[in-house]
Amino acid sequence: MRKREVAIIGVGQTKVGEHWDKSIRQLAAEAILSAIKDAKIERVDILYVGNALSGELALQEHLGAAIADFAGLRTVEAYKVEAAGASGAAALRLGYLAVAGGLADFVLVCGVEKVTDAPTERVNSALSLGIDGEYERELGLSFIALNALIMRRYMHEYGYELKDFAGFSVNSHKNAAHNPYAMFRNPITEKAFVEARMVVEPINLLDSSPVADGAAAVVLCPMDMAKDFQAKPVRIASSAAATDTLALHDRKDPLFLEAAYLSARRAYEVAGIKPEDVDLFELYDSFAIMAALSLEAAGFAERGQGVKLAMEGQISLDGRIPVSTMGGLKARGNPLGATGVYQVVEAVLQLRHEAGQNQVKDAHWALVQSIGGVGGTVVTHVLEGPD
Ligand code: COA
């Protein structure tokens with residue numbers, strides 16, 4: 001079977017934050033209708049909904065049908081796709097496969113999450129459903145605690161201090177200041193980072209990506225039809241995914257994200273590019289340690305050197321490899337199952353040169369990577385701009 005080229009012809013998003021006045025269906029519909037308007041399509045063949053915790057925290061499963069109905073897409077084939085924090089990216093990958101394989105022409109991919117009606121303790125306990133349940137959660141480990149263990153080990157192995165990680169959050173908050181959809185638009189300083197309240201040592205409040213509500217959507221179609229709908233179609237140059245052990249304790253090396261490495265390697269290979277060709281990297285900065293390990297796994301830094309890119313300012317909008325260009329998970333906010341789609345929407349805006357004050361100059365290639373759990377699932381896409 002010959003593979004078809006796939007384009008993103010429409011994007012939509014809601015503001016990330018605490019949406020107590022909106023239901024999960026309302027949030028999803030808002031993003032979907034705005035993506036349909038951007039793409040100017042009149043037909044949808046399949047809807048994939050990326051979501052992690054709707055059953056636990058929004059008390060709604062069977063999300064495909066629920067959202068299709070509410071968004072005016074009644075009768076359209078529709079499914080929920082779940083892979084913890086990589087749910088939205090996994091939904092995009094399924095949409096890509098359907099269009100590339102010639103089984104659908106117009107696919108809508110929506111990521112949505114609605115969690116803030118529940119108190120923090122309940123959200124954190126729901127989040128831990130994405131880690132290994134039989135050994136790690138059973139021992140009382142949480143998602144944030146696993147990240148703290150990895151960070152502490154990284155600091156020990158490579159000799160870093162807490163302040164060395166500040167650059168990631170400072171960069172994210174700076175970029176979010178100009179993103180009207182971001183949750184935290186206040187700049188922060190290295191001093192504020194170092195002095196922030198500890199959550200699980202050494203991870204503090206200003207290192208944690210805030211779990212929030214939000215929805216984002218993209219419309220896909222075959223590249224050869226794209227120009228009929230969108231003057232600036234963005235090509236999905238490659239789509240790749242890999243898994244790793246769900247449990248951290250099963251890894252030979254807890255400081256290496258193997259699924260991130262494998263999916264990035266495959267994504268580069270299919271797109272025919274190298275790390276040095278990438279103009280921006282929307283990485284999964286759920287915590288600074290994940291950002292550092294992603295930079296290493298995706299070939300931007302040697303082992304143990306990912307943090308240095310932040311320390312040296314190389315991740316800023318005019319740096320060697322701009323990351324979290326619209327605020328990242330840390331400051332745009334982290335609506336879990338929606339996050340992977342937000343990352344793609346932001347990369348598309350960069351490649352269409354519609355990122356306003358955050359525009360990365362001459363952006364043409366974007367790498368987008370989403371991480372489920374502590375790297376149990378990683379999905380990587382390479383996007384190519386229209387010019
Ligand atoms: N970054 C910056 N500020 C934050 C923040 C964050 N991540 N989280 C909360 N705040 C701010 C709030 O805006 C609030 O400010 P205000 O007092 O000026 O209104 C204040 O801190 C307290 O907020 P609150 O929601 O009561 O904090 P909390 O203690 O209940 O929860 C965390 C904070 C970090 C413990 C909680 O958000 C958490 O555990 N999140 C999970 C983090 C995680 O696992 N992320 C990755 C998922 S993949």
Side-chain angles (χ1 to χ4, degrees), residues 15-20 50-53 56-57 82-90 111 113 115-131 136-137 141-151 165-166 168-177 182-189 192-214 246 248 257 260 283-291 293-294 324 327-343 369-379:
K15 190 174 176 353
V16 178
E18 297 184 355
H19 288 288
W20 294 347
N51 172 271
L53 295 174
E56 276 294 301
L57 296 178
E82 191 278 323
S87 300
E113 205 70 62
V115 295
T116 66
D117 289 350
T120 302
E121 298 71 30
R122 232 186 109 219
V123 174
N124 274 336
S125 126
L127 269 175
S128 68
L129 293 172
I131 68 173
E136 295 183 335
R137 194 177 61 244
L141 275 164
S142 67
F143 189 58
I144 200 162
L146 283 170
N147 278 275
L149 286 173
I150 301 174
M151 181 170 168
F165 293 80
F168 289 107
S169 295
V170 170
N171 174 64
S172 294
H173 276 257
K174 186 174 172 199
N175 293 344
M183 180 169 181
F184 289 127
R185 300 180 65 188
N186 58 311
I188 62 163
T189 60
F193 179 90
V194 173
E195 292 173 357
R197 153 165 74 94
M198 272 300 159
V199 180
V200 181
E201 213 174 336
I203 290 182
N204 65 26
L205 188 70
L206 290 183
D207 186 2
S208 308
S209 58
V211 176
D213 310 328
L246 193 57
L248 185 64
L257 296 175
L283 50 64
Y284 200 83
D285 56 330
S286 47
F287 303 97
I289 184 63
M290 281 295 129
L293 294 181
S294 300
S324 307
L329 279 66
K330 174 63 201 74
R332 172 241 295 126
N334 181 9
L336 305 169
T339 293
V341 185
Y342 272 96
Q343 292 176 287
Q369 187 168 72
S370 305
I371 301 180
V374 285
T377 300
V378 182
V379 183

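Basis for what follows: all heavy atoms, side chains included, without hydrogens, waters or symmetry-related copies. Numbering of ligands and ligand atoms starts at 1, following listing order.
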### Ser128 side chain to Ser142 backbone, donor-acceptor under 3.5 Å
no
### Message
Classify the ring geometry of His173 against Phe184: parallel below 30°, tilted from 30° to 60°, perpendicular beyond 60°.
### Response
parallel
### Query
Do side-chain atoms of Asn204 reach the backbone of Glu195 as a donor and acceptor pair under 3.5 angstrom?
no
### Message
If we set the cut-off at 4.0 Å for heavy atoms, which region of Asn334 has an atom near ligand 1: side chain, backbone, both, or neither?
### Response
side chain
### Task
Using modelled atom types only, decide if a donor and an acceptor are shared between the side chain of Asp213 and the backbone of His19 within a distance under 3.5 Å.
yes
### Summary
ligand 1 to Leu127, heavy atom cutoff 4.0 Å, flagged ligand atoms 44 (O)
### Message
Please classify the Leu329 to ligand 1 contact at 4.0 Å (heavy-atom distances, strictly less than): side chain, backbone, both or neither.
### Response
neither
### Message
Under a 3.5 Å distance rule, please check whether Ser169 uses its side chain to pair with a backbone N or O of Ala166 as donor and acceptor.
### Response
no
### Task
Could you tell me whether ligand 1 has any atom less than 4.0 Å away from a heavy atom of Gly85?
no
## Note on the structure
Counting heavy atoms under 4.0 Å, the part of Met290 that contacts ligand 1 is neither
### Query
Is there at least one pair of N or O atoms, one from Ser208 and one from ligand 1, spaced under 3.5 Å apart?
yes
### Message
Using a 4.0 Å heavy-atom cut-off, which part of Leu206 comes near ligand 1: side chain, backbone, both, or neither?
### Response
side chain
